[in-house]
Each structure stands twice: as structure tokens, then as C-alpha cells.
Amino acid sequence: VLDLINIIMKTRRTLLYTSIIIMGAIWLFIALEKGTDLLKGLDLFIFILIVFFGIVAFVRALKKDKEEKLGLATEDELSDLIKYKTGHHAYMYSMYMWLFIFIFKDKFPNTESMIGGGVLLSALIYFLTKLKIKHQLMNQN
């Protein structure tokens with residue numbers, strides 16, 4: 001059982017590093033294709049959100065690996081409650097966000113920016129909602 005756990009942890013770590021390298025290579029390819037127009041306006045905002053979420057995911061993965069190495073439980077009832085409440089609230093807020101995106105769709109330069117921005121804003125809504133729910137549940141006790 002311990003050998004299986006070690007294999008899974010090594011596989012997850014390798015997958016994380018590989019995905020970071022692949023995302024970096026894709027971003028480099030896009031940057032070389034678009035040239036200097038890449039980091040202007042909405043594209044700059046989208047790039048900042050992508051980098052932010054990448055850093056957050058990387059730090060969380062490292063933290064989870066460290067907790068597993070120490071033998072700590074990575075999931076419990078409170079974390080499950082936070083996930084379920086966050087998912088529900090983030091879904092509801094995202095529906096309103098998409099409504100406003102489609103109302104103001106003529107303000108976006110193209111369809112890719114509209115959809116990409118909407119997906120990233122949905123992720124941002126999830127992140128902020130998770131912080132809010134976690135803060136509420138921790139202060140409740």
C-alpha cells in the first residue's frame with residue numbers, strides 16, 4: 001500500500017511539472033505568433049489571471065504533497081462542506097456573470113476573448129467564493 005501511495009505521489013508531482021512545462025511552451029508559442037500585441041488590454045488581464053491561477057494551483061499541490069508526506073489527512077468533513085458550498089455559490093454567481101457577459105457581448109473584441117474571459121472569471125469567482133465560505137465557516141465556531 002505504501003509503495004502504491006509513493007507511486008501516486010511521484011506521478012502527481014511529475015504530472016504537475018510536465019503540465020507547467022507544456023503550458024509554458026504553449027504560451028511561448030502564442031507569444032511568438034502574436035508578437036508585441038499580446039500583452040495589451042483584455043489579453044493582459046487574461047494573462048495575469050492565468051499566471052495567478054497557475055501559481056495558486058502549484059502552491060496548493062506542493063502543500064498537499066507535503067501534508068501527505070507528513071501523514072496528515074488531506075480531506076475531512078469541513079473541507080467537503082467548503083467544497084460543496086463553494087461549488088453551489090460559485091455556480092449561481094457565475095450564471096449572473098455569464099448573463100452580463102452575453103448582455104455586453106458587443107464590448108468584447110472577439111468571441112475567443114469573451115469565452116476565455118468568462119471561463120477565467122468563473123474560476124476567479126470560485127476562488128473568491130471559497131475564501132468567503134472558508135472565512136464564514138471558520139468564524140462560525
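Values below: all heavy atoms of this structure, side chains included; hydrogens, waters and symmetry mates excluded.
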*Asks:* Please find the pair of heavy atoms, one from T129 and one from A90, that lie closest to each other, and give the distance.
*Replies:*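 Taking every non-hydrogen atom into account, CG2-N, 4.0 Å.
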
*Asks:* Which atom names give the shortest non-hydrogen contact between K83 and Y126, and what distance separates them?
*Replies:*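 For K83 versus Y126, the nearest heavy atoms are CG-OH, 4.5 Å.
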
*Asks:* Hydrophobic clustering (ILVMFWY, side-chain heavy atoms < 4.5 Å, transitive) - are I103 and F108 grouped together?
*Replies:*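 No, no single cluster joins them.
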
*Asks:* Return the CD1 to OG distance between I101 and S94, rounded to the nearest 0.5 Å.
*Replies:*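 Result: 9.0 Å between the selected atoms.
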
*Asks:* Indicate yes or no: at least one non-hydrogen side-chain atom of K105 is less than 4.5 angstrom from one of T111.
*Replies:*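 The answer is no; the side chains never approach within 4.5 Å.
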
*Asks:* Parallel, tilted or perpendicular, judged at 30° and 60°: which one describes the rings of Y93 and H89?
*Replies:*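 Ring orientation, 0 to 90° scale: tilted.
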
*Asks:* Do S122 and W98 touch side chain to side chain, with heavy atoms closer than 4.5 Å?
*Replies:*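 Contact flag for S122/W98 side chains = yes.
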
*Asks:* In this structure, would Y96 and I125 fall into the same cluster of hydrophobic residues linked by side-chain contacts under 4.5 Å?
*Replies:*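 No; I125 is not reachable from Y96 via cluster members.
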
*Asks:* Going only through I, L, V, M, F, W and Y residues with side-chain contacts under 4.5 Å, is there a path from F100 to V119?
*Replies:*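 F100 does not cluster with V119.
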
*Asks:* Are I133 and Y84 linked, directly or through other ILVMFWY residues, by side chains that come within less than 4.5 angstrom of each other?
*Replies:*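 Unlinked, I133 and Y84 end up in two clusters.
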
*Asks:* Rounded at 0.5 Å granularity, tell me how far CG in L99 sits from CZ in F104.
*Replies:*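 The CG atom of L99 sits 9.0 Å away from the CZ atom of F104.
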
